[in-house]
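Please read these numbers as outputs of a predicted model, since none were measured by experiment. In what follows, every heavy atom counts, from backbone to side chain, and hydrogens, waters and symmetry copies are set aside.
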Amino acid sequence: MAAVAMSVAAQKPMKAPAGGKLISDELIGIFFEDISSSADGGLNAQLIQNGSFEYNPTIKDGYGPGTAWKLVRLGHSSGYYDAAMDGAIHANNPHFMRVNIERVVTDMPDFDGTTGVGIQNDGHDGIVLKKDATYKFSVFLRTPDGKAKNIKVTLGGVKMPAEGTPGPRFPRPFTVSEKKFRTAAAAMGWQKYEFDLVPTEDVQMGNLQLVSETEGVLDIDMVSLLPADTYKGHGLRKDLVQALADLNPKFIRFPGGCVVHGGGDGFWNTYRWKETVGPKETRRQQKNTWGYNQSMELGYYEYFQLCEDLGAAPIPILPSGVSCQGVNGGWNFPQKQNQWVVPMEDMDEWVDEALDLIEWANGDVTTKWGKVRADAGHPAPFGLKYLGIGNEERISPEFIERFKYIYKKVTEAHPEIVIVGTAGPGSHPGNPDYDNSWKLAEELGMPIIDEHYYEAVNYFQEKRQYDNYPRDRKTKVYLGEYSSQNRGRNNQFQDALAEALYLCHVERNADVVVMTSYAPLFAKKNHHSWDPDLIYFDNERTFLTCSYYTQQMFGQSSGQYYYGDCVKIENADKSKGDGMLQEQSVILNVKTRQLFVKVCNASENAKNVKIDLSKFGVKGEAVKTTLKGKPEDENNYEAHPIAPVTEKIKATKTMDMTLEPYSFVMYTYQL
């Protein structure tokens, strides 16, 4: 798509022709939640798993400080390891690994120079290493026995010997990079060691070993291995962020989702942003509501940095003092709808959570939290505009009382901040939570309300929820979580087409709906908590779904004006037959002087389309982008039949075209 994309030079904004409706130009954004291993082992480029030894049995059966680690005894050396807590680096990071090196053998007849005792980490499903690439290693070490240690750090793997190699054929270790150094004495306490490692060959299933070649006791914590080549040098996996950048998102909502208020685990597991913005050895890890550990290496500082890198507005979501109603089986037994609530006398703590975040994001370096941001490496304010309070909670009396309390305090202190509320789960008219949320929004004059719904493909084909929304409401809509969901089935082209139909209808109503974000965003291969998702990935590759390309086409065609009288689709009668399976949208961006014409056909019949762009004075060339395929096509780990095809065409004021079955077409004009 980018190969023939039209360049957009800096130009004077144009005047919109008559007949257009003023709409939001921030319609397409990103919703990020750490689900399906999206963060550690995914967006977070860290290659070591459990490098701080903080995995905990309360998080998951079989977890513990030693998870993802194994003891290494080279040659005939002997020793053991165990987790320890005495004299930790920081109270938020209480565990470390203590290795006891009982005997280092160098006097055996078969001694080959390989000796020592230490630990090995295989990363997240193996460590992928690239020849001649630079990897930045760091670790905190301490020698409680008072003896300096000779340390060896290696990158390598295991492979079968070549055919004809003498001796028995069994997997043998090999090394592609190595570094030796000597530690300080115990009196120095914890010391950080950093250096680069450069592999001499590619490795698909690699590992890292840290070994002491000196007898005694060695304490180890915060083991880290990061590719030097991360997105803009900010520690995030380059290809995954590039996939986000190519969506041209106008905002990023984070950190969730149910992660915000602890999900089914209860309010004790609420995400606390203050514990994610300092040095990484001071961040407190916690259970992820989706059943695994969160290292918090990807925290609020990194989220805000990502927003800045992509030119997207940050939308952080904070808890409202009420937990998810899914606690203790509330989702399975709706009549229970359990909610844990914060006592009203404790609500000021959660008000401060919001006020301090605004100060951290926007405050001067002389303020308490502005200084924390500056000390982390970002003295300039981040320019926070939006703040979400609550996520998909049941709109109970307890929720309403607490939301009002936070809302009043925050808006009085910061009237410049745009508050995004929540419409609860299943945000359709007639749902009690939806109805109660809109009553609350209108009572407060809330700027934006966040609606969520996941529905089967036929919903997005047949329903047009926003055509009937009142135009006199002060409160606007953010469709914060949605997608065509047929659980147990992967994302298919019919889902992408249904979402394209629905987004055309959203653009038609973008005077009411000001933002949207597909969810969930990421899922790692073999770690799916939810399907379908927008982007799948493994340790080396991204797999862009059919729905990804729909989002990309809408993200790249934002504008400020909608025109509904330029496209006529044959037999697109919304009251009968397959008429609901066609939609169109014409968007003008006066800032970039671009015009976008989108037409979608999700039916099995070709349609004749008449396009009249006389009012815009189009000329020269246009770019035509086409997505087409079979309804059951899907972009999975093996095959990728769906991708946009682009071509340049002559730009004409009027045009007759045939819209193929199961296709989505966009024309881009530079005015």
Counting only N and O atoms by type, is there a donor-acceptor contact under 3.5 Å from the side chain of [X] to the main-chain atoms of [Y]?
X	Y	answer
D40	S295	yes
E54	H95	yes
N248	G555	yes
D433	R394	no
N121	Q49	yes
R283	T276	yes
T545	N635	no
D633	P641	no
T270	G262	no

[X] vs [Y] aromatic rings, parallel, tilted or perpendicular, using cut-offs 30° and 60°?
X	Y	answer
H528	Y536	tilted
H640	F543	parallel
F460	Y482	tilted
F537	F522	perpendicular
Y303	F32	tilted
F304	F382	tilted
W273	W360	tilted

Over all heavy atoms of both residues, which pair between [X] and [Y] is shortest? Give the atoms and the distance, please.
X	Y	result
A602	L501	CB-CD1, 3.8 Å
S52	N93	O-OD1, 3.5 Å
P314	L384	O-CD1, 3.7 Å

Identified ring pair (Phe, Tyr, Trp, His ring centres under 6.0 Å) partner of [X] from the options [options]:
X	options	value
Y454	Y518, W530, Y459	W530
F53	Y81, Y63, F96, W69	W69
F664	F554, F493, Y502	F554

With a 4.5 Å cut-off on side-chain heavy atoms, are [Y] and [X] touching?
X	Y	answer
N50	N293	no
H90	D221	no
L155	I127	no
P644	L627	yes
S517	I30	no
T230	L236	no
S320	H261	no
N526	D538	no

message: Looking only at the side chains, is there a donor atom on one of D122 and Q120 sitting less than 3.5 Å from an acceptor on the other?
response: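 There is such a pair between these side chains.
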- request: Report yes or no: is the cationic atom of K60 (NZ for Lys, CZ for Arg) under 6.0 Å from the centre of the six-membered ring of Y55, at an angle within 45° of the ring normal?
  value: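 No, a cation-pi geometry is absent between K60 and Y55.
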message: Could you check whether K179 makes a cation-pi contact with F137, meaning its NZ or CZ is under 6.0 Å from the centre of the six-membered ring and within 45° of the ring axis?
response: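 Relative to the ring axis of F137, which defines the angle, K179 lies outside at least one limit.
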- prompt: Run the ring-ring contact (aromatic ring centres under 6.0 Å, His included) check on F254 and Y271 step by step: do they pass?
  reply: CA-CA 11 Å; F254 56 87; Y271 194 102; 8.9 Å; no
task: Inspect the contact between R284 and E275 and indicate whether a charged nitrogen and a carboxylate oxygen are less than 4.0 angstrom apart.
output: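 Salt bridge present between E275 and R284.
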message: Taking the basic N atoms (NZ, or NE/NH1/NH2) and the acidic carboxylate oxygens, is any pair closer than 4.0 Å for R253 and D450?
response: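 Between D450 and R253 there is a salt bridge, with a charged N closer than 4.0 Å to a carboxylate O.
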